[in-house]
Protein chains: 2
Amino acid sequence: MHQSNDYFMTLPERTVERLSEYRRSLLQCLEEGKTHIFSHELANLHHNTAVQVRRDIMFIGYTSMQRKGYDVRELVDVIGEILDSEMGLNVAVIGIGNLGRAFTTYFVGKRSKLNIIATFDVDTTKIDRVISGVKCYPLSRLKEVVETHQISIAILTVPADSASEVAAQLVEAGIKGLMNFTTIPLNVPNEVFLDEYDMITSLEKVAYFVKSPRE
Amino acid sequence: MHQSNDYFMTLPERTVERLSEYRRSLLQCLEEGKTHIFSHELANLHHNTAVQVRRDIMFIGYTSMQRKGYDVRELVDVIGEILDSEMGLNVAVIGIGNLGRAFTTYFVGKRSKLNIIATFDVDTTKIDRVISGVKCYPLSRLKEVVETHQISIAILTVPADSASEVAAQLVEAGIKGLMNFTTIPLNVPNEVFLDEYDMITSLEKVAYFVKSPRE
DNA sequence: GAAATATTGTTAATTAAATCACAGCTTCGA
DNA sequence: TCGAAGCTGTGATTTAATTAACAATATTTC
């Protein structure tokens, strides 16, 4: 009933994002006892069209029972095969201020193949404390801890003035993916996947479109 | 020396974002006493190409002294004319947990045409306290405060289970732009500009590309 | 069991964004 | 003063993402 494409192929970035979102809605459906779902229903749960949903699902090679909609359980599993790593990935949060805590708290308790297993900070009063269930290490031990715990993803929420330096240390420590929440654009080698989110830019964008609506 | 296009035209979304980022780099340049900048220099500060920078600047109708690079001061001003509203816009943060505080703190003290002038929460211990310089109101007074303070943008950082309800109240209160940081996709009328950022999705995306690098 | 209906999977068309390619100024060096 | 070099501004092209259009298929209805 499903057939994953055996030759290698990376998905479009936006499709990956949507799959992650679909999965969460689908899990919600399961909890509510819903076993099948139509493309237009899934589309309505996001702001999105039925065609887009079908196209995304086509990308991952899943195919439904015609006319009954998609089997929710199966679809969740197939998305899992695509998004998750077999053995899970370890994640660290660097800088445990408000944003770092927000992120950590959001994640803890979520069933997931992504485990936040360490936080780091320079503030000595935080060191060795357990925040949202995760132990805080001093930044000076970054490389050591990243290596011993095989941490492959880092969430960077340090103050702007240390962003570049810490990012360099992370790369040096062998991190593979980096989410940058600071307002400093980072340069990392090509093999490190970098995702940047800049709150100030996002807010200024919203402001622009509030001022100048399209159409 | 500069000529803004007098007929109306909204910019591409990505261009708006980059302009916001350029402006911050440019302000940094000013502080360092740098008065002119070449497109390739600005490109290097972001991870970006010189053509892209020139194209973005072309969109806003600014044109440099040939061969001297762009006048930093002028460029900052022109970007300001595009992005900023004359009289500024008022912003509220809804839900003052870790994320709400992170956002508020980031913003306070930033010279800007965007003023965070209220926060809201249900937690009665927070009401009337001043957090990062901004007063916290009870959610029950949302509509009243939004109207009297002419708040046009809201940052939604409430827990998932109240997201939809609060969003509806915001729309009802006449908000014009909404940044959704909850993991619940929202439906708002077309005239409200909606920007969604989902941390879980972003992290899952990074994980996917760490697992399956492109090329 | 034939016609009408609902939904998927996919090819083709469209739109949006990024990149290429190059003409045209300006300044510099001789 | 002339040629070379360095950047900009922009039309043309390419690439990526979205949307339209529709044939194929399963289900229901009569």
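Nothing here was measured: the structure is a model prediction, and the numbers come from that model. A, B, ... follow the sequence lines: proteins, then strands. Residue 1 opens every chain. All values below come from the heavy atoms of this structure, side chains included, with hydrogens, waters and symmetry mates left out.
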Can you give me the N/O atom pairs linking the protein to nucleotides 6-14 of chain D at distances under 3.5 Å, or say none if there are none?
{"from": "D:dG6", "atom 1": "O4'", "to": "B:Arg67", "atom 2": "NH1", "distance (Å)": "2.7"}
{"from": "D:dT8", "atom 1": "OP1", "to": "B:Ser39", "atom 2": "N", "distance (Å)": "3.0"}
{"from": "D:dT8", "atom 1": "OP2", "to": "B:Ser39", "atom 2": "OG", "distance (Å)": "2.4"}
{"from": "D:dT8", "atom 1": "O3'", "to": "B:Ser64", "atom 2": "OG", "distance (Å)": "3.3"}
{"from": "D:dG9", "atom 1": "OP1", "to": "B:Thr63", "atom 2": "OG1", "distance (Å)": "3.0"}
{"from": "D:dG9", "atom 1": "OP1", "to": "B:Ser64", "atom 2": "N", "distance (Å)": "3.0"}
{"from": "D:dG9", "atom 1": "OP2", "to": "B:Tyr70", "atom 2": "OH", "distance (Å)": "2.7"}
{"from": "D:dG9", "atom 1": "N7", "to": "B:Arg54", "atom 2": "NE", "distance (Å)": "2.8"}
{"from": "D:dG9", "atom 1": "O6", "to": "B:Arg54", "atom 2": "NH2", "distance (Å)": "2.8"}
{"from": "D:dG11", "atom 1": "O6", "to": "B:Arg55", "atom 2": "NH2", "distance (Å)": "2.5"}

Could you tell me the separation between the [atom1] atom of [X] and the [atom2] atom of [N], rounded to a whole number of Å?
X: A:Leu75; N: C:dT8; atom1: CG; atom2: P; result: 11 Å
X: B:Asp71; N: C:dT26; atom1: CG; atom2: P; result: 16 Å
X: A:Leu42; N: C:dT7; atom1: CG; atom2: P; result: 14 Å
X: A:His36; N: D:dT27; atom1: NE2; atom2: C1'; result: 14 Å
X: B:Asn48; N: C:dA17; atom1: CG; atom2: P; result: 15 Å
X: B:Leu19; N: C:dA17; atom1: CG; atom2: C1'; result: 15 Å
X: B:Glu17; N: C:dA16; atom1: CD; atom2: P; result: 16 Å
X: A:Asp56; N: D:dT18; atom1: CG; atom2: C1'; result: 10 Å

Next on the checklist: Could you measure the distance from the CG atom of B:Leu11 to the CZ atom of A:Phe209? Nearest 0.5 Å is fine.
Outcome noted: 7.0 Å
Item to check | Gap between atom CD of B:Glu74 and atom CG of B:Leu26 - 0.5 Å precision | outcome: 12.0 Å
Is any side-chain N of the basic residue among [X] and [Y] closer than 4.0 Å to the acidic one's carboxylate O?
X: A:Arg24; Y: B:Asp198; value: yes
X: A:Arg18; Y: A:Glu21; value: no
X: A:Asp121; Y: A:Arg101; value: no

Checklist entry - If only atom types and distance count, is the side chain of A:Ser132 paired as donor or acceptor with the main-chain N or O of A:Thr104 below 3.5 Å? => result no
Next on the checklist: Looking at C:dA16, I'd like to know if its phosphate oxygens (OP1 or OP2) sit under 4.0 Å from a side-chain N or O belonging to A:Arg14.
Outcome noted: no
